[in-house]
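Read the structure below first, then the notes.
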Amino acid sequence: MPEGHTVHRTAGQFRKHFQGQPVTVTSPQGRFTDASAISGTKLLKAEAWGKQLFLTFEPAVLRIHLGIYGKWGWSASHVEPKGQVRARFEATGQLADLRGPTACELLYFDEVGLLTAKLGPDPLRPDIDGAERSRFVERVSRSRVSVGQLLMDQSVLAGVGNVYRAELLFRAGINPYTPGATIPAELIGQVWDDAVQLMSIGVKRGIMLTREGHLKGQVKKDDRYYVYKREGLPCRECGKEISIAIMATRKLYWCGVCQR
DNA sequence: TACTCATGAGCAA
DNA sequence: TGCTCCTGAGTAG
């Protein structure tokens, strides 16, 4: 489930299980040909920025992006690789398998900086002075592009994907087709605050929860969302059918009554 | 068994 | 805008 919260969770697992010790890195599938360049060296740092994971090893930084198919598999004991494992990370008593990522590549020197410079603020990264929040509000406020597209643009907001996009806009009562520049700055700021809240829950729980009254405890799969994948079903607030459309190649869900 | 779909994004035209 | 990358889960038959 690769939206930003998953990646932050994974970074935490890497810190817990691998940071500070030498890690054996292999590519059972053979497609990650640079594995040998970092294998056996220490993992110094593991951090997430939006949907990207940066693993800093002594010789280079490994950048991983799951894309739409990518997945992690964890195990506390050695098991034979099953299926297409792009990269395998092993240290004492811990093993992580990476499958189907869009990106798994080594970066050297300032390549990381060049890459992160293109990314927008991440609601899951500490924003002590509120500068990141302001940066997001400003980017949206001066754009004529629809807010539905802006929330999916990783240079505007890093880490939000199709699920959080749909749910955040519903919770804010904003129609996804509204141009960014016509939305009051205060409301845009609220969307940021809401993203911080919801995605933090996502990191803690490992699942995306977005409904008031269903943010804690056990939540049934069918009860999780307001609009995402609920096209044709009655809106949980007003009863009108949830709409669906394609926006910039992705499915967009919203309620035409609650989101004006 | 075959087909469809997916929480992403870069690139060419 | 459309194509492509790439893997696995779910579903129809």
Side-chain angles (χ1 to χ4, degrees), chain A residues 1-11 27-33 48-54 63-75 79-88 96-105 107 111 114-120 122-124 145-146 148-171 176-177 194-195 198-211 214 219 221-232 242 244-254:
Chain A
M1 299 188 189
E3 288 197 25
H5 68 293
T6 327
V7 187
H8 280 267
R9 230 177 130 78
T10 306
S27 178
Q29 174 200 50
R31 289 193 48 188
F32 176 40
T33 52
W49 191 323
K51 296 170 188 167
Q52 323 239 8
L53 176 67
F54 296 99
R63 168 191 168 245
I64 293 167
H65 191 307
L66 292 180
I68 207 164
Y69 315 115
K71 277 190 179 63
W72 286 101
W74 293 81
S75 169
V79 286
E80 286 308 304
K82 261 188 215 159
Q84 300 293 309
V85 176
R86 181 77 58 88
R88 166 169 278 201
D97 278 344
L98 171 66
R99 295 158 203 276
T102 288
C104 173
E105 59 172 6
L107 305 175
E111 285 179 300
L114 290 172
L115 222 142
T116 52
K118 291 182 200 161
L119 292 172
D122 177 346
L124 290 173
V145 174
S146 69
Q149 274 176 274
L150 290 171
L151 290 195
M152 291 285 280
D153 183 338
Q154 298 301 299
S155 70
V156 174
L157 183 60
V160 162
N162 209 18
V163 180
Y164 280 129
R165 181 246 313 247
E167 298 293 301
L168 286 168
L169 289 175
F170 179 87
R171 287 166 61 92
Y177 290 93
D194 204 25
L198 293 185
M199 293 176 79
S200 301
I201 292 171
V203 175
K204 278 193 206 110
R205 297 285 304 271
I207 49 173
M208 287 186 257
L209 298 176
T210 63
R211 284 181 65 203
H214 294 75
V219 182
K221 220 174 174 184
D222 289 350
D223 288 339
R224 272 185 207 169
Y225 308 127
Y226 283 110
V227 293
Y228 179 72
K229 272 201 178 159
R230 297 196 70 247
E231 73 274 23
I242 299 299
I244 183 168
I246 302 294
M247 177 183 272
T249 77
R250 304 302 298 281
K251 284 182 180 171
L252 170 70
Y253 307 84
W254 80 102

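Of all nucleotides listed (B:dG8, C:dT7, B:dC5), B:dC5 comes nearest to the side chain of A:Lys251. Nearest to the side chain of A:His65, among B:dA6, B:dG8, C:dT7, sits B:dG8. In the set C:dT7, B:dA6, B:dA9, C:dT7 carries the atom at the smallest distance from any side-chain atom of A:Arg99. Of the candidates C:dT7, B:dA9, B:dT7, B:dA9 carries the atom nearest the A:Lys51 side chain, counting heavy atoms from C-beta on. With distances taken from any side-chain atom of A:Arg31 to the nucleotides C:dC5, C:dG8, B:dA9, the minimum falls on C:dC5.
The distance between atom CG of A:Leu151 and atom C1' of B:dT7, rounded to the nearest whole Å, is 15 Å. The CG atom of A:Leu252 sits 12 Å away from the P atom of B:dT7 (whole-angstrom rounding). To the nearest angstrom, P of B:dA9 lies 11 Å from CG of A:Leu66. Between the P atom of C:dG8 and the NZ atom of A:Lys71 lies a distance of 8 Å, rounded to the nearest Å. Rounded to an integer number of Å, the gap from OH of A:Tyr253 to P of B:dT7 is 6 Å. One interatomic measurement links the two molecules: CZ of A:Arg250 to C1' of B:dC5, which rounds to 11 Å at whole-angstrom precision. Regarding A:Gln149, its CD atom lies at a distance of 14 Å from the C1' atom of B:dA9, rounded to whole Å. At whole-Å resolution of the value, CE in A:Met247 and C1' in B:dG8 are 17 Å apart.
The two atoms that bring A:Gly120 and A:Ala158 nearest to each other are O-CB, 3.4 Å, heavy atoms only. The two atoms that bring A:Asn162 and A:Glu3 nearest to each other are N-OE2, 3.2 Å, heavy atoms only. Residues A:Pro2 and A:Gly70 approach most closely at CG-O, 4.4 Å, considering heavy atoms.
Within the nucleic acid shown, A:Glu167 has no heavy atom closer than 4.0 Å to any nucleic acid atom.
Across B:dG10 and C:dG8, the matching C1' atoms stand 23 Å from one another, rounded to whole Å.
Contact between the side-chain N/O atoms of A:Gln84 and the OP1/OP2 oxygens of C:dG8 is not found at any separation under 4.0 Å. At B:dA9, none of the side-chain N or O atoms of A:Gln52 fall inside 4.0 Å of OP1 or OP2 (strictly under the cut-off). Between B:dT7 and A:Tyr228, a contact under 4.0 Å exists linking OP1 or OP2 to a side-chain N or O.
Side-chain contact of A:Arg86 with A:Gln29: a donor-acceptor pair under 3.5 Å is present, judged by distance alone.
Using cut-offs of 30° and 60° for the angle between ring planes, the A:Tyr253 and A:Tyr228 rings count as perpendicular.
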